[in-house]
Asks: 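First, the structure itself, so that you have it in front of you.
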Amino acid sequence: QVLLVESGGGSVQEGGSLKLSCTSSGFYDTECMGWFRQAPGQEREGVASIWIRGGRTYYSDSTKGRFTIFHDNTKNTLYLQMDSLKPEDTAMYYCAADRTKLRCSWGGSWPFRSDEYTYWGQGTQVTVVS
């Protein structure tokens with residue numbers, strides 16, 4: 001059974017940092033993984049993605065320079081280090097994974113398309129207060 005479990009969310013002051021974790025179980029050959037977020041009343045958006053085998057990372061314009069995505073193969077865990085947080089970063093954050101499509105490696109908008117990912121976690125809430 002494939003399972004993604006996020007952790008690390010919470011409430012933080014503007015300008016602060018949080019580190020999200022996503023632990024995978026049930027598979028060990030992931031190609032693409034990503035972090036998405038969804039605020040109330042808004043569409044889900046991709047914020048960071050990684051093509052694990054190729055070692056490439058992708059960031060949305062709103063998170064580039066502030067967020068860092070990385071994967072620890074030994075722990076089968078995906079991370080999102082979030083620095084310089086802003087109130088507009090407040091959202092539910094979801095981890096996502098795909099094992100076969102590989103289209104995240106194409107770059108552009110592909111790493112941030114929700115339909116490119118097969119497996120999803122339940123989410124962890126991030127709240128940034130000013």
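Count residues from 1 along the sequence. Keep in mind it's a predicted model, so treat the numbers as computed, not measured.
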Asks: With hydrophobic residues grouped by side-chain heavy-atom distances under 4.5 Å, do Tyr119 and Met92 end up in a single group?
Replies: no
Asks: So Met33 and Leu4, side-chain contact (heavy atoms from CB on, under 4.5 Å) or not? Walk me through it.
Replies: CA-CA 11 Å; Met33 294 193 76; Leu4 300 176; 4.2 Å; yes
Asks: Going by salt bridge (charged side-chain N to carboxylate O under 4.0 Å, His left out), name the pairs with one or both residues in residues 5-25, residues two or more places apart or in two chains.
Replies: none
Asks: Quick check on the hydrophobic clustering: are Leu102 and Ile69 connected, directly or via other members, by side-chain heavy-atom contacts under 4.5 Å?
Replies: no
Asks: Sort and list the pairs that fulfil disulfide bond (SG atoms under 2.5 Å apart) and have at least one residue in residues 24-68, not counting sequence neighbours.
Replies: Cys32-Cys104
Asks: Check whether any side-chain heavy atom of Ser62 lies under 4.5 Å from a side-chain heavy atom of Glu88, and answer yes or no.
Replies: no
Asks: Side-chain heavy atoms nearer than 4.5 Å, only ILVMFWY residues, links allowed to pass through others: does that put Phe36 and Tyr59 together?
Replies: no
Asks: Is the shortest heavy-atom distance from the side chain of Arg53 to the side chain of Thr30 under 4.5 Å?
Replies: no
Asks: Can you find a heavy atom in the side chain of Ile52 that is under 4.5 Å from one in the side chain of Asn73?
Replies: yes
Asks: Is there a side-chain contact between Gln125 and Thr90 in this structure, where contact means two heavy atoms from C-beta onward sitting under 4.5 Å apart?
Replies: yes
Asks: Give the intermediate values and the outcome of side-chain contact (heavy atoms from CB on, under 4.5 Å) for residues Asp98 and Glu116.
Replies: CA-CA 7 Å; Asp98 179 73; Glu116 289 297 309; 5.9 Å; no
Asks: Is the side chain of Arg66 donor-acceptor paired with the backbone N or O of Ser84 at a distance under 3.5 Å, no angle test?
Replies: yes
Asks: Do you know which two heavy atoms are closest between Tyr58 and Gly107, and how far apart they sit?
Replies: CE2-CA, 3.6 Å
Asks: Rounded to the nearest 0.5 Å, what separates atom CG in Leu3 from atom SG in Cys22?
Replies: 9.0 Å
Asks: Ignoring hydrogens and geometry, is there a side-chain-to-backbone donor-acceptor pair from Thr124 to Ser7 under 3.5 Å?
Replies: no
Asks: Apply side-chain contact (heavy atoms from CB on, under 4.5 Å) to the pair Val128 and Gln13, showing each step before the final yes or no.
Replies: CA-CA 6 Å; Val128 184; Gln13 291 284 332; over 6 Å; no
Asks: Atom NE2 of His71 and atom OG of Ser24: how far apart are they, to the nearest 0.5 Å?
Replies: 5.5 Å
Asks: Give a yes or no on whether Leu85 and Leu20 share a hydrophobic cluster (residues Ile, Leu, Val, Met, Phe, Trp, Tyr; joining criterion: side-chain heavy atoms under 4.5 Å apart).
Replies: yes
Asks: Step by step, work out the side-chain contact (heavy atoms from CB on, under 4.5 Å) result for Thr57 and Phe70.
Replies: CA-CA 8 Å; Thr57 57; Phe70 56 102; over 6 Å; no
Asks: Taking C-beta and beyond as the side chain, do Met82 and Trp35 meet within less than 4.5 Å on heavy atoms?
Replies: no
Asks: Nearest heavy-atom pair of Leu78 and Cys95: which atoms, and what distance?
Replies: CD2-SG, 4.0 Å
Asks: Measure the spacing between OG1 of Thr23 and OH of Tyr79 and express it to the nearest 0.5 Å.
Replies: 6.5 Å
Asks: How long is the gap from CZ on Arg44 to CZ on Arg37, to the nearest 0.5 Å?
Replies: 13.0 Å
Asks: Calculate, to the nearest 0.5 Å, the distance between atoms OG and CD belonging to Ser25 and Gln1 respectively.
Replies: 7.5 Å
Asks: Please check this pair: side chain of Thr63 against backbone of Val47, looking for a donor-acceptor N/O pair closer than 3.5 Å.
Replies: yes
Asks: State plainly whether one hydrophobic cluster holds both Leu18 and Val129, where clusters connect Ile, Leu, Val, Met, Phe, Trp and Tyr through side-chain heavy atoms under 4.5 angstrom apart.
Replies: no
Asks: For a quick check under 3.5 Å, do Ser49 and Tyr117 share a side-chain donor-acceptor pair by atom type?
Replies: yes
Asks: Can you give me the closest heavy-atom contact between Ser21 and Thr77, atom names plus distance?
Replies: CB-CG2, 4.2 Å
Asks: I want to check something: taking the side chain as every heavy atom from C-beta on, are Asp89 and Phe67 in contact at a cut-off of under 4.5 Å?
Replies: yes
